[in-house]
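Read the structure below first, then the notes.
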Amino acid sequence: MSTGNKLQSYNAATDKLMQQAQGLKIINKTKFSLPEMVSLLRESFKYKITYKKVFNELLREKVDPATGFCIVSSFYIYERTGGDKVWNVMETPIHWWLEHKQTGEVFDITYTQFEDPFPYKMGTPVKKVKNDPRVIRILKEKALILGRAAGME
């Protein structure tokens, strides 16, 4: 697949996520709606400097722009759209995403990093986010950096 086709496919996936976001009931704690957050975050993923700013390193091989951002972008959205009242933060050993509590719908802003459908049913609710203040502090710092890189902070 050519670079142009990959970008076109990535942008189409972003549009799909924005449509999904419009249908979810959330609590907005910022001036940005969930669809706007999706658009701005996914646009920021396209730039290698965003990964460098957030993680203080360059990702060597980046097949999909969303690669590596699952935990930080999920936490950013979680924190700004109702937290525990709205979302379950889900994980497997290799991936993090959100699950809408009211509908059970998977909301995965970085799903495009996987070629095959991801086995979401294998996920479990994250416990360390709630139970480890150090992890929470690090996630909040990185989420804030990501929000700034996306133009929302």
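All heavy atoms count here, side chains included; hydrogens, waters and symmetry mates do not.
Here the CG-OG distance, from L146 to S73, works out to 6.5 Å after rounding to the nearest 0.5 Å. Remark: L17 CG to Q22 CD distance equals 11.5 Å, nearest 0.5 Å. Within the model, atoms CG of L98 and OH of Y78 stand 9.0 Å from one another, a figure rounded to the nearest 0.5 Å. Taken to the nearest 0.5 Å, the CG atom of L144 stands 10.5 Å off from the CD atom of E79. Taking OG1 from T50 and CD1 from I145, the interatomic distance works out to 11.5 Å, rounded to the nearest 0.5 Å.
Contact check for L41 versus F45: side-chain heavy atoms found under the 4.5 Å cut-off. Within the 4.5 Å cutoff, no side-chain heavy atoms of K52 are placed close to those of E57. Considering only heavy atoms from C-beta on, T67 comes within 4.5 Å of D64 through its side chain. Taking 4.5 Å as the limit, every side-chain heavy atom of T81 sits out of range of all side-chain heavy atoms of I27. You'll find the side chain of K101 reaches within 4.5 Å of the side chain of D84, heavy atoms only. No side-chain heavy atom of F75 sits less than 4.5 Å from a side-chain heavy atom of K142. The shortest distance between side-chain heavy atoms of F107 and M90 does not fall below 4.5 Å. Put simply, the side chain of M37 reaches to within 4.5 Å of the side chain of T30, judged on heavy atoms.
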(message) Please evaluate residues N11 and S9 with respect to the criterion side-chain hydrogen bond (donor to acceptor under 3.5 Å, both in side chains), reporting the C-alpha separation (whole Å), side-chain torsions for both, the decisive distance (0.1 Å), and the verdict.
(response) CA-CA 5 Å; N11 290 338; S9 175; over 6 Å; no
(request) Please test E36 against S33 for side-chain hydrogen bond (donor to acceptor under 3.5 Å, both in side chains), starting from the C-alpha separation and ending with a verdict. (result) CA-CA 5 Å; E36 289 169 324; S33 68; 3.2 Å; yes
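Closest heavy-atom contact between A149 and S44: O-CB, 4.0 Å. When every heavy atom of Q20 is checked against every heavy atom of V106, the shortest pair comes out as NE2-O, 2.6 Å. Of all non-hydrogen atoms in C70 and T110, the two that sit nearest each other are CB-OG1, 3.2 Å. Here the shortest heavy-atom pairing between S39 and T14 reads CA-CG2, 4.2 Å. The minimum heavy-atom distance between G104 and E99, with the atom names listed, is O-CG, 3.6 Å. Heavy atoms only, all atoms of each residue included: P35 and M18 are closest at O-CG, 3.6 Å.
Classified by interplanar angle (parallel below 30°, tilted 30° to 60°, perpendicular above 60°), the ring pair F69/F55 is tilted. Ring planes of F118 and F114: tilted class, angle from 30 to 60°.
Under the 4.5 Å side-chain heavy-atom criterion for Ile, Leu, Val, Met, Phe, Trp and Tyr, Y120 and V89 are members of the same hydrophobic cluster.
T103 and H100 share a donor-acceptor pair across their side chains, judged by distance under 3.5 Å alone.
By the 6.0 Å and 45° rule, R42 stacks over the aromatic ring of Y10. Under the 6.0 Å distance and 45° angle rule, R80 counts as a cation-pi partner of Y76.
Here W97 and Y111 keep their ring centres 6.0 angstrom or further from each other.
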